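Everything numeric here is computed off the predicted structure, so don't read it as measured data. Quick note on labels: first sequence line is chain A, next is B, and so on, each numbered from 1.
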4 protein chains.
Amino acid sequence: MEPAKQSPGRPRDSRVDDAIHEAVRRLVAEAGYAGLTMDAVAARARVGKAAIYRRYGSRGELVFASLVHGRAPQPLPDTGSLRGDLTALAEVILRAFSDPVFAAAGPSLVAEIRQHPDIAARFQATFVAGERAVVTALLERAAARGELPAPADPALLHATVLGTVFAWVFLLDLPVTPGLASRIAAMSAAALEHAEDR
Amino acid sequence: MEPAKQSPGRPRDSRVDDAIHEAVRRLVAEAGYAGLTMDAVAARARVGKAAIYRRYGSRGELVFASLVHGRAPQPLPDTGSLRGDLTALAEVILRAFSDPVFAAAGPSLVAEIRQHPDIAARFQATFVAGERAVVTALLERAAARGELPAPADPALLHATVLGTVFAWVFLLDLPVTPGLASRIAAMSAAALEHAEDR
Amino acid sequence: MEPAKQSPGRPRDSRVDDAIHEAVRRLVAEAGYAGLTMDAVAARARVGKAAIYRRYGSRGELVFASLVHGRAPQPLPDTGSLRGDLTALAEVILRAFSDPVFAAAGPSLVAEIRQHPDIAARFQATFVAGERAVVTALLERAAARGELPAPADPALLHATVLGTVFAWVFLLDLPVTPGLASRIAAMSAAALEHAEDR
Amino acid sequence: MEPAKQSPGRPRDSRVDDAIHEAVRRLVAEAGYAGLTMDAVAARARVGKAAIYRRYGSRGELVFASLVHGRAPQPLPDTGSLRGDLTALAEVILRAFSDPVFAAAGPSLVAEIRQHPDIAARFQATFVAGERAVVTALLERAAARGELPAPADPALLHATVLGTVFAWVFLLDLPVTPGLASRIAAMSAAALEHAEDR
DNA sequence: CGGTAATCGAGACGGTACGTCTAGTCTTAAA
DNA sequence: TTTAAGACTAGACGTACCGTCTCGATTACCG
């Protein structure tokens, strides 16, 4: 069994990757998404533009890789109750949206992803699928606890929690208060716990 | 007291306004938001670029005016029940997001609005405020009917319905089925109807 | 009979043409042909690159237009003798090659012209044809004076005078002395005056 | 005294040299001087770029070495007459300029040489000096034969023959006919044979 | 025979110019 | 003052090239 065979030629320099990602984050923070030009990234990272395009085929891929990738959602801890689990979920999403870099780039990032089908596919395959798995696990734990009177659709719950936070922050531009996550969680929990009445 | 004094010189041609809006919609439908360049709009509308900039100060204003403005949400009919009113609300939002033009431009439009504070302010003042008034009226009717065990936050309900639809369509890229609006409404209704348990 | 009908839209700004030509000449003088980048021309002329490309399809066309065009050779004065006319011709060519700007760009300009067939055609049609006409007129005057024992090929004479100067300056890199033109003229004159011996 | 001491390490592979020169010639013939990029040469020669830069410090040096070097002009045979010797000289130059590779690269090569003073110096020291020696020898034979009524300047003769051919081929773009060399030679010979009249 | 040192192909690196495209402004003649 | 047309500046885009550097692998000589 051979070790991962190295392709010939000079290998990619990982310091370049780091410099690029760092430059993207700094530029978004300083100048917003509009200031995130490829030239600016190259200049800030002290890197040739070719080094960027060798890695990412477009600005969208670069931003996606720098701001989304690697953020694969990790499994949430079992807090012992549906409501607790939902609060934890809402808090994770809220915290991600509150990252100043992501807050500045968020909607533009979504727009960029939507424009490029291949990036959209990767977004679905990594981030969305990962988060859906978290939601599914959360619902399974609740079912095991007997908290669910009826089976619930993980997709709808996912859309509810993620979308409510997105709308609150990016569409309605409302202030993020400490109790917000638990209020959103309470809403979802109540709906799930009384899903039998139609 | 005189009637609205007519300014000197040639008056604006209202057919130009229509041609511009029509061109914007057609271009978004055909070429996506990326194809919506000012030159393309001018060429398609057979209008000079100056005629566009005389009306809208920037691309953002044009897009906002063409795709959002005039869509001031009209009051929902009283269906007689909270659940019915919520379904109607979800359906209105869902229908707006299903307009092919808006579906193609949606996230880019949100991004564009977010980049320009003055447009964002107008967006809040017209569209968001109007929709919030609709949600508030809906909740007041429900309270009058005695369907609400506790006072509800219109902002949170607004974020829930609007955000869930947004996430379903634009973030999770899930298919829009006929029963979707009522499922979302059921979720919200259950939460509102059992808001007393915490 | 109508006056030259003006095309619609804003007309080209002749100050832009001047600024571009001036920038080309200054840049060649300061930084040589290698420093003559399109960006540098645009920056120096305080002109957008589009304004340059609107006028000239390539760097070659720009340089050709700035350094060659308009230099259509004017008819030489009749000095009264073949040898005098040839000296005047050689002096004109020598003076053109001694222009510091042209001296710096000369061979590169020839190379550029040769790479683009359409520019080469224009070069032939304007500059070469004009100079050939001058040579032909010179020979006709000499024939009328009875200085030519046999008809001479204007093309060969043209190649001899032009080529000798070119080689002296650009290939052999020899110093340009005051008597050079008359030495070259004497060479050509002797050949023409004794063309009968084969 | 030892034979050329071999430096330590792996010796240069002479097949690499050949492959590089061959690639240069083929590329110029196929794609013109513009297609002669270092990457293309390396790819065509199936050689690393470092192998090229180890031998030649720049593109200019490579081109100079591939297209000019080694063409050191060899002494012309004594044809027995000034006119014959001049015809032979013109024919050699004409043949060199008719080599398809050189014909495609000629003016660009001259331009490249002119841009780099060190290469220009080598060009003067090898090619120009060699050819001037040939011209000088030619004139000395003519003087010994008594064909020259007055001493002639080798530089001027050199410029005349070389320049006339250059202008004919590269500036005036005239067709190369079989009799061209002898016509150019006749012109120079007549001038030299009647140099006494001023 | 094992070590040293320069070579080899391959290809990533920083930097820079290219020619195109876009946003937003300005300038013309005509209405 | 409006209109259509289109030129204007400024600057980002993605590609291509140059000359350098960095890999692992190879190939000679030297000890």
Looking at [X], I'd like to know whether one of its side-chain N or O atoms comes within less than 4.0 Å of OP1 or OP2 on [N].
X       : N      : result
A/Arg15 : E/dG14 : no
C/Arg12 : F/dA5  : no
B/Arg55 : E/dG24 : no

Output yes when [X] and [Y] qualify as a salt bridge under the 4.0 Å nitrogen-oxygen rule, no when they do not.
X       : Y       : result
B/Glu30 : B/Arg25 : no
C/Lys49 : C/Asp39 : yes
A/Arg55 : A/Asp17 : yes
D/Arg15 : D/Glu22 : no

5′-ward residue of the pair B/Asp39/D/Thr37 relative to DNA chain F: B/Asp39
Earlier contact from the 5' end, DNA chain F, for A/Ala40 and D/Ser58: A/Ala40
Rounded to whole Å, please give me the gap between [atom1] in [X] and [atom2] in [N].
X       : N      : atom1 : atom2 : value
D/Glu61 : F/dG19 : CD    : C1'   : 13 Å
B/Arg46 : F/dG6  : CZ    : P     : 10 Å
C/Arg59 : E/dG19 : CZ    : P     : 8 Å
C/Leu36 : E/dG19 : CG    : P     : 11 Å
D/Met38 : F/dT20 : CE    : C1'   : 12 Å
D/Ile52 : E/dC8  : CD1   : P     : 11 Å
C/Leu62 : E/dC18 : CG    : P     : 10 Å
C/Ile20 : F/dA7  : CD1   : P     : 13 Å

Atom of C/Ile119, atom of C/Gly60 and distance for their closest heavy-atom approach: CD1-C, 3.6 Å
Sugar-phosphate, base or nothing in reach of A/Arg54, heavy atoms under 4.0 Å: base
Nucleotide of [options] approaching [X] most closely (side-chain heavy atoms):
X       : options               : value
C/Pro8  : F/dC13, E/dG14, F/dA5 : F/dA5
D/Ala51 : F/dA4, F/dA28, E/dC8  : E/dC8
D/Asp13 : E/dC8, E/dT27, F/dC21 : E/dC8

Distance-only donor-acceptor test (3.5 Å): side chain A/Lys49, base E/dG14: no
Donor/acceptor link under 3.5 angstrom from A/Arg10 side chain onto base of F/dC21: yes
